[in-house]
There are 2 protein chains.
Amino acid sequence: MRRRKSGLRDVAQLAGVDVSTVSRVLTGNLQQRVSSETRTRILEAAKALDYQPNALARGLRTSRTATLGIVVPQLDNPVFSSAIRGAELAAGRLAYSLLIAHRDSGQRIGGAYRRLAETHRVDGLLVASLDSDRDLLVELRGTGVPFVLMNRQAAGAANAVVLDNERAARMAVGHLVGLGHRRIAHLAGRLEGYNGQGRLAGFRAALAEAGLDPQSAPVEPAGYSVEGGAAAMQRLLASGEPQPTAVFAASLISATGALGVLHAAGIAVPRGMSVVALHDAPVASMVYPALTTVRTPTQEMGEKAAEMLIGLIRGEASGGTIVLPPDDLVVRASTAPPAD
Amino acid sequence: MRRRKSGLRDVAQLAGVDVSTVSRVLTGNLQQRVSSETRTRILEAAKALDYQPNALARGLRTSRTATLGIVVPQLDNPVFSSAIRGAELAAGRLAYSLLIAHRDSGQRIGGAYRRLAETHRVDGLLVASLDSDRDLLVELRGTGVPFVLMNRQAAGAANAVVLDNERAARMAVGHLVGLGHRRIAHLAGRLEGYNGQGRLAGFRAALAEAGLDPQSAPVEPAGYSVEGGAAAMQRLLASGEPQPTAVFAASLISATGALGVLHAAGIAVPRGMSVVALHDAPVASMVYPALTTVRTPTQEMGEKAAEMLIGLIRGEASGGTIVLPPDDLVVRASTAPPAD
DNA sequence: CTGTTAGCGCCTTCAT
DNA sequence: ATGAAGGCGCTAACAG
């Protein structure tokens, strides 16, 4: 019972004009010279027929697909899912769609990117990857489409949207210092990575500002997993006296792992140990005690990245690196003045 | 320095044959009559030029895009992100891509679906929605492409992949009963929804089997949010004696909300109250105490749904409803025998 | 077994 | 201000 999908030709016929005129009106980017009379006639016809352009035909002709590819290492990480959401919002506003692909781990690096780009499915790539810089960039360049990195920076990659890690870390550590903590440890991210390094630097800077010795402060790499956070916390507790009274975790996820270890060790939070983490997400209030966090603009990161990419595709923008400041500190139940 | 992308014509030229022959070989679904000599020659040429078919041109010609649209209400929900992951895996195996869209809440229902389907971007739709049945189905039918529902069933929709809610609920409640609990409450899902009803039914069935009275057991609708779970737990605690010794939550997320309320009320888990929830995800071990859950095959749900949809698109399958059994019970720290 | 032909639906010079 | 014509890259009859 459903009629055949109507094309440009049907609209043209109904409006009594040539298809090329219809195309001019409906594409309508330039203020084409078309009598406003026929223009309205065409617009009406298009609406009457509920005309929808065939994206394939248009893409074939213009060699642009109005589609962005997005490649993420994991979907269950709130940082990425939120960035995707942002990218999707921004893309939608600019009439772009999002084609999603996981990094097929185990495959040759970049397989996902290539497939998308080389079959003319996407006009550009949004990349949130954990790969080592060199291989990643080579593959990305090989695709021949513009790309924007999200949540990381890589030497030689011009376009990226990242968090101001240093400032975020200082916000977190500043909170601890303000509460009176003097022995503060850091559950770091990946020390080889962009974010891990920035957060560590911010941690040390904040300590120095407070008149504490950055070099003697314990730092345990924890990565961005629950297990990593747990292991790092364990090492921290095992590593002799005097124990810190507070820890700053580089990520919400690793902080939850640390919380588990503290529970198991019988150390009350925040009485025996204050915990503050970077990134805010629903999980922060699901754990016990609810975690004090620094809210980070992850959704905005996706939005900015998509906007930048579309700008690059359209040749309107020049790329660069956007550094987003952290939103604010969300004080919950996991931080308090030190007991001693 | 990157050479122009090579097309069918380049391959044909290099192999010294006509493009149509190349097409036959490279499409190669049917055992086309082509001399194995020229076939290998073409294959070599294609490899030498690193030929990649232009998906747009192919799609325009065949009116199939090898792309599935997936519409989800939220990305940060582990159930959905895991289902997406599964869909992506299955689609990839069958050479399909995934175009993602959020339900643009606030817009007219189905806007997301329509945009994807009516511009010939997708061959079919994977739908995980929370909308009321009627509107959803009307919109979906209007798109003219086949669709498969994930994690829900709707009257009149032939194709769906769902969880065996009743069995999952019985698994959870059976665990509680086995521990010796007699006063068991249910933090239900949405009682109007498919999943909520199934889980409630399973809850009551399990009680009846254990010789307990299903009708007198407290049931509080909690939805699938942290806040809903907290509010429901609060109502439960306020609703007079005798209090239950255990609760079965219809979802992991609402269970975390309930945990928070129990902490605040000074009720120890599991000593004062056992908690078991449906769905397993990393969050289950992030909360304190780590939640005992029933693991559900959410990723498989996505896989099955994608496989079914592709079967429908290819005209090879006939659809239907697949009911997936729960995986198993994961006993963590939130359940124990009742104290009294 | 292989080449020829004819579009898929659209955009875009080039005329008029 | 509008129409005519060509072709994006590919596949699918139909010839040979």
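The figures here come from the full heavy-atom set of this structure, side chains too, leaving out hydrogens, waters and symmetry mates. Just so it is clear: chains get the letters A, B, ... in the order the sequence lines come, proteins before strands, and each one is counted from 1.
A salt bridge links B:Glu88 to B:Arg85: one of the charged nitrogens lies within less than 4.0 Å of a carboxylate oxygen.
Among the atoms of the strands shown, only primed sugar atoms or phosphate atoms (P, OP1, OP2) are found under 4.0 Å from some heavy atom of A:Thr38.
DNA chain C is contacted by both A:Val19 and B:Ser35; B:Ser35 maps to the nucleotide lying nearer its 5′ end (nearest heavy atom per residue). Nearest-nucleotide positions on DNA chain C place B:Asp18 closer to the 5' end than the other of B:Asp18 and B:Ala57.
For B:Thr27 and D:dC10, the shortest distance from a side-chain N or O to OP1 or OP2 is not below 4.0 Å. Phosphate contact (OP1/OP2 of C:dG9, side-chain N/O of A:Tyr51, threshold under 4.0 Å): absent. Distances shorter than 4.0 Å separate none of the side-chain N or O atoms of A:Ser23 from OP1 or OP2 on C:dC10.
Checked by atom type and distance alone, the side chain of A:Asn159 pairs as donor or acceptor with a backbone atom of A:Gly320 at under 3.5 Å. Side-chain N or O atoms of A:Thr40 include one that pairs as donor or acceptor with a backbone N or O of A:Ser36 at under 3.5 Å.
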Start with the C-alpha gap between A:Asp76 and B:Ser81, add the side-chain angles, then the distance that decides, and say whether side-chain hydrogen bond (donor to acceptor under 3.5 Å, both in side chains) holds. CA-CA 6 Å; A:Asp76 50 348; B:Ser81 66; over 6 Å; no

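Between the CD1 atom of B:Ile42 and the C1' atom of C:dC1 there is a distance of 11 Å, rounded to whole Å. Atom pair B:Leu60:CG and D:dC10:P shows a separation of 12 Å (rounding to whole Å applied). Between the CZ atom of A:Arg64 and the P atom of D:dC8 there is a distance of 18 Å, given to the nearest Å. Whole-Å rounding puts the A:Asn54 CG to D:dG9 C1' distance at 14 Å. In this entry the distance linking CZ of A:Arg39 with C1' of D:dT2 reads 13 Å, nearest Å. Computed from coordinates, the B:Leu56 CG to D:dC8 C1' distance equals 10 Å when rounded to whole Å. Rounded to a whole Å, the CG atom of A:Leu26 is 14 Å from the P atom of D:dT2. Atom CD of A:Glu37 and atom C1' of D:dT2 are 13 Å apart (whole Å).
Sorted by first and then second residue, the salt bridge (Lys or Arg N to Asp or Glu O under 4.0 Å) pairs involving residues 301-313 of chain A (not counting sequence neighbours) are A:Arg93-A:Glu303, A:Arg93-A:Glu307.
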Any protein N or O atoms within reach of nucleotides 13-16 of chain D? Criterion: under 3.5 Å, listing atom names and distances.
none

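No option in A:Ile313, A:Val122, A:Thr65 other than A:Ile313 meets the side-chain contact (heavy atoms from CB on, under 4.5 Å) test with A:Tyr96.
Between B:Ala87 and B:Ile70, the shortest heavy-atom contact is CB-CD1, 4.2 Å.
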